[in-house]
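Some notes on the structure that comes next.
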Number of protein chains: 4
Amino acid sequence: MWDKNQIAAAGIKGDWVLALPDFVKYGDLDAYNHVNNKVYHAWFENLRVIYFREMGLVGGMDAPYKTVVRSASIDFYAQMIMGEDYVTTMRCSRVGNSSFDLDYAVYVDGEMRTTGKTLMVLVDITATKSVRIPEDIREILITRDGANS
Amino acid sequence: MWDKNQIAAAGIKGDWVLALPDFVKYGDLDAYNHVNNKVYHAWFENLRVIYFREMGLVGGMDAPYKTVVRSASIDFYAQMIMGEDYVTTMRCSRVGNSSFDLDYAVYVDGEMRTTGKTLMVLVDITATKSVRIPEDIREILITRDGANS
Amino acid sequence: MWDKNQIAAAGIKGDWVLALPDFVKYGDLDAYNHVNNKVYHAWFENLRVIYFREMGLVGGMDAPYKTVVRSASIDFYAQMIMGEDYVTTMRCSRVGNSSFDLDYAVYVDGEMRTTGKTLMVLVDITATKSVRIPEDIREILITRDGANS
Amino acid sequence: MWDKNQIAAAGIKGDWVLALPDFVKYGDLDAYNHVNNKVYHAWFENLRVIYFREMGLVGGMDAPYKTVVRSASIDFYAQMIMGEDYVTTMRCSRVGNSSFDLDYAVYVDGEMRTTGKTLMVLVDITATKSVRIPEDIREILITRDGANS
């Protein structure tokens, strides 16, 4: 896992706060012999869960709330092939009362290949109503991630 | 595979032209015990490839062009659980010179759970430049799918 | 889902008790353009979970036991490609005190493409010790599945 | 990627020749909140493809042969959970005329969690007949991997 400093040291621009370096494996490929589109969603999701755990936003059975994805979008700029080293990055770009936006990107040699965004909502544990984002979490998202509020 | 008539007979509204009925399997679930977000992308992709094959848009090694996904988005309205019967539907909603929009949805008992959209571009086989959509394909997308042009 | 009679009617030989017909989708393929090896494990697992649910062997949070896979093996006889119709079949071939063997196969046009076997163990809910298979379950496995005991 | 020396330095016993360190991600989990059984197959496959590429056994379109999996087995000793650091290891344990055995394992803190084995066959590019393993490859498998012949 990389923090802001390591991300900058790798020549990756932007306000990313968390990143995971890895390389393309055989299982990421599809019949076109390139990384399958849905694999990028998996990369973003894997990083998002780590991001939440580090902030204490993914609790145990007794957590008062959980996060859900309301919508997700991805833009593809260039394909990726077997063995390529890449870095998946993320940050929170907007925080509202109970919703927030997470931005993602995949970089190869400092060049952006794919970007993504998910609209997240904090809900109570039965997912029946939205929950106000706790102040300490909001503070982190604004201060550390530079999220608009 | 369902055509327009079978889709309507199942009580599913909208201008969908192709649908695939199935049910949620164990492998679709994640640690939250519901269908994982990226699985919907897999369902849409599986249906899209069938849709293209039926129109002759996915060729062999000697095809003059191929389709690529430029962007993809999904909206989630309600979660899905093990064993639920569902129907994945799709149609083309817009056709341009070389790009077109594909719309998708997942229905359970006639109720929409998830919708998706992908912006597709027809490119030459080396993916270096876009290719004009053949007239016969455009005609199908406008006439059968009701795509805006 | 097919029962014994439907399996026999489809020209599939053997003592299979449960089967699931489906067809190969794009997401099942890998870079060799054929069904990826690990996808067969997914097919077997998906059917196994249904098989257990029908017997009441997969309980809720308050179930006194659960099943675990101790070992799994697969033999591959012929590859499978996009669009092929296939049937995944299964049965229990052996039942011991707390362990049992499940057999699986994939058929295309009555011809076996792949076979699998998993050694299952019934364990208490904390997975710390094995549990004796309940008599009513054992009876089903011997009578219906023809399992050796 | 780790070689023999790095594997030994990590306190992992055995004659492994190649290893890949990683950690459990959200996408590896299933509804039981542990690493899904078929994910181990993915880990082994991902490492095997790298192993073949390093030996020149996976060629391009003009390669005279390819490798196929005839059978695969896995033994599970202990489950794995989110975030655990692990190492996947492999080696060739037997080489015949056209077939060979590959062994795999997954270690956490030097302790074996899962082992696997695949029976591989070298076949001509149309997969219609087996091909004798080239002498230079056989030599590597015997000398470096300690494969029985």
Side-chain angles (χ1 to χ4, degrees), chain C residues 27-50 52-53 57-61 63 65-81 88 99 101-102 104-105 112-121 123 125-128, chain D residues 27-50 52-53 58-61 63 65-81 88 99 101-102 104-105 112-121 123 125-128 130:
Chain C
D28 299 325
L29 308 179
D30 65 13
Y32 280 104
N33 214 17
H34 65 190
V35 175
N36 184 264
N37 290 337
K38 64 185 171 294
V39 170
Y40 298 95
H41 291 276
W43 293 349
F44 295 159
E45 180 184 56
N46 286 341
L47 187 54
R48 179 173 67 240
V49 174
I50 295 168
F52 282 155
R53 284 164 64 103
L57 257 178
V58 173
M61 303 290 279
Y65 44 67
K66 59 181 179 181
T67 56
V68 296
V69 179
R70 274 287 184 262
S71 65
S73 61
I74 291 200
D75 288 286
F76 302 98
Y77 301 112
Q79 67 171 2
M80 293 179 65
I81 59 169
T88 306
S99 74
D101 291 344
L102 296 176
Y104 315 82
M112 213 162 61
R113 294 287 178 91
T114 301
T115 57
K117 187 184 278 283
T118 52
L119 169 59
M120 311 297 302
V121 181
V123 295
I125 209 62
T126 58
T128 47
Chain D
D28 299 325
L29 307 178
D30 64 14
Y32 280 103
N33 215 15
H34 65 190
V35 174
N36 183 265
N37 290 337
K38 62 184 172 295
V39 170
Y40 299 94
H41 292 276
W43 292 349
F44 294 160
E45 179 183 59
N46 286 341
L47 187 54
R48 179 173 67 239
V49 174
I50 295 167
F52 282 156
R53 284 163 64 104
V58 173
M61 304 290 278
Y65 44 68
K66 59 180 178 183
T67 56
V68 296
V69 178
R70 274 286 182 263
S71 65
S73 61
I74 290 200
D75 288 284
F76 302 98
Y77 301 111
Q79 68 172 1
M80 293 177 66
I81 59 169
T88 307
S99 74
D101 291 344
L102 296 176
Y104 315 82
M112 211 163 60
R113 294 286 178 94
T114 300
T115 57
K117 187 183 278 282
T118 52
L119 169 59
M120 312 297 302
V121 182
V123 295
I125 208 63
T126 59
T128 48
S130 61

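Note on naming: letters A, B, ... go to the chains in the order of the sequence lines (proteins, then strands), and numbering restarts at 1 for each one.
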- chain D neighbours within residues 112-121 of chain C, where any heavy atom lies under 4.5 Å away: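 The residues closer than 4.5 Å to chain D amount to none at all.
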
- Interface residues of residues 68-75 of chain C facing chain D - non-hydrogen atoms under 4.5 Å apart: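 Listed by number, the contacting residues are C:Val69, C:Arg70, C:Ser71, C:Ala72, C:Ser73, C:Ile74, C:Asp75.
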
- Message: Suppose we screen for ring-ring contact (aromatic ring centres under 6.0 Å, His included). Which residues come up paired with D:Tyr104, at least two apart in sequence or across chains?
- Response: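 If we apply the ring-ring contact (aromatic ring centres under 6.0 Å, His included) test to D:Tyr104, skipping adjacent residues, the hits are D:Phe44.
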
- Kindly compute the distance separating CG (C:Asn33) from CG (C:Asn36), expressed to the nearest 0.5 Å.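 If we round to the nearest 0.5 Å, C:Asn33:CG and C:Asn36:CG are 12.0 Å apart.
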
- Mind listing the closest non-hydrogen atom pair of C:Phe52 and C:Thr67 along with its distance?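 Closest approach of C:Phe52 to C:Thr67: CE1-OG1, 3.3 Å.
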
- Query: Pairs in or reaching into residues 36-45 of chain C: which pass salt bridge (Lys or Arg N to Asp or Glu O under 4.0 Å), with residues at least two apart or in two chains?
  - Reply: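 Qualifying pairs: C:Lys38-D:Glu45, C:Glu45-D:Lys38.
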
- Query: What orientation do C:Tyr40 and C:Trp43 show, parallel under 30°, tilted 30 to 60°, or perpendicular over 60°?
  - Reply: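 Taking C:Trp43 first and then C:Tyr40, their aromatic rings stand perpendicular (interplane angle over 60°).
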
- Message: Using the rule given for side chain to side chain contact (heavy atoms under 4.5 Å, CB included), can you reason through D:Gln79 versus D:Val35, listing the C-alpha separation, both sets of side-chain angles and the distance that settles it, and then say yes or no?
- Response: CA-CA 7 Å; D:Gln79 68 172 1; D:Val35 174; over 6 Å; no

